[in-house]
Amino acid sequence: MAISWISALKMVPWGDVIKATPQVVKAAQGLLKKKEDQAEAHARSDAAQQASQRLSPPQSSGEQALLLIRGLDERIDQLEQSQRQSLEIIEKLAQQNAQVVATVGALRIGAQRLALACGVLAASLIGLSIYVLRS
């Protein structure tokens, strides 16, 4: 490798990464909070559904099936919303990852150019030394 990992990590624009970090943290916290809220809402709806069933039990198995389907539909909606939020966070992380990869690529190219410049400088210095010693 032309450049060590430590050197590459030193060259990463950490200011940009740090600027983007609060957004990702806020999104993750919001996602966790919404999941907790959804779990609480789901527990409340289950408790309410059970209480309503105790007060007025379904007359037939068809009514039981409809209640079960309604509960499952609500749960599916919650899961879809959670999935959308997770995808948004993953997209932000992918964008940050792409920035880091692009920066590391640019650093690699810069290191190669620097090595070439050092080689040219070394050859020039050798040539100059030979010229001075012969004069």
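Because the structure is predicted, anything quoted here is derived from the model rather than measured.
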Exercise for review: Would you check if the side chain of Ser82 reaches a backbone N or O of Gln78 as a donor-acceptor pair within less than 3.5 Å?
Suggested key: no
Practice item. Please round to the nearest 0.5 Å and tell me the distance separating atom NZ of Lys92 and atom CG of Leu87. Key: 12.5 Å
Practice item. Could you tell me which residues satisfy side chain to side chain donor-acceptor pair (under 3.5 Å) with Gln81, sequence neighbours excluded, listed by chain and number? Key: Gln38
Point to revise | Result of checking Glu80, Arg75, Glu74 against Asp77 for side-chain contact (heavy atoms from CB on, under 4.5 Å) | key: Glu80
Check your understanding: If you measure from CD1 on Ile89 to CD on Gln85, what distance do you get to the nearest 0.5 Å?
Key -> 7.5 Å
Review point. Which distance, rounded to the nearest 0.5 Å, do you find between the CG of Leu66 and the OG of Ser60?
Key: 8.0 Å
Atom pairs and distances, donor-acceptor, side-chain atoms in residues 117-128, under 3.5 Å, two or more places apart:
unit_1 : atom_1 : unit_2 : atom_2 : d
Ser124 : OG     : Val120 : O      : 2.9

Check your understanding: Which distance, rounded to the nearest 0.5 Å, do you find between the CD1 of Ile76 and the CD1 of Ile69?
Key -> 10.0 Å
Practice item. Begin from the C-alpha positions of Leu93 and Gln96 and carry the test side-chain contact (heavy atoms from CB on, under 4.5 Å) through to its verdict. Key: CA-CA 5 Å; Leu93 290 173; Gln96 288 181 356; 4.1 Å; yes
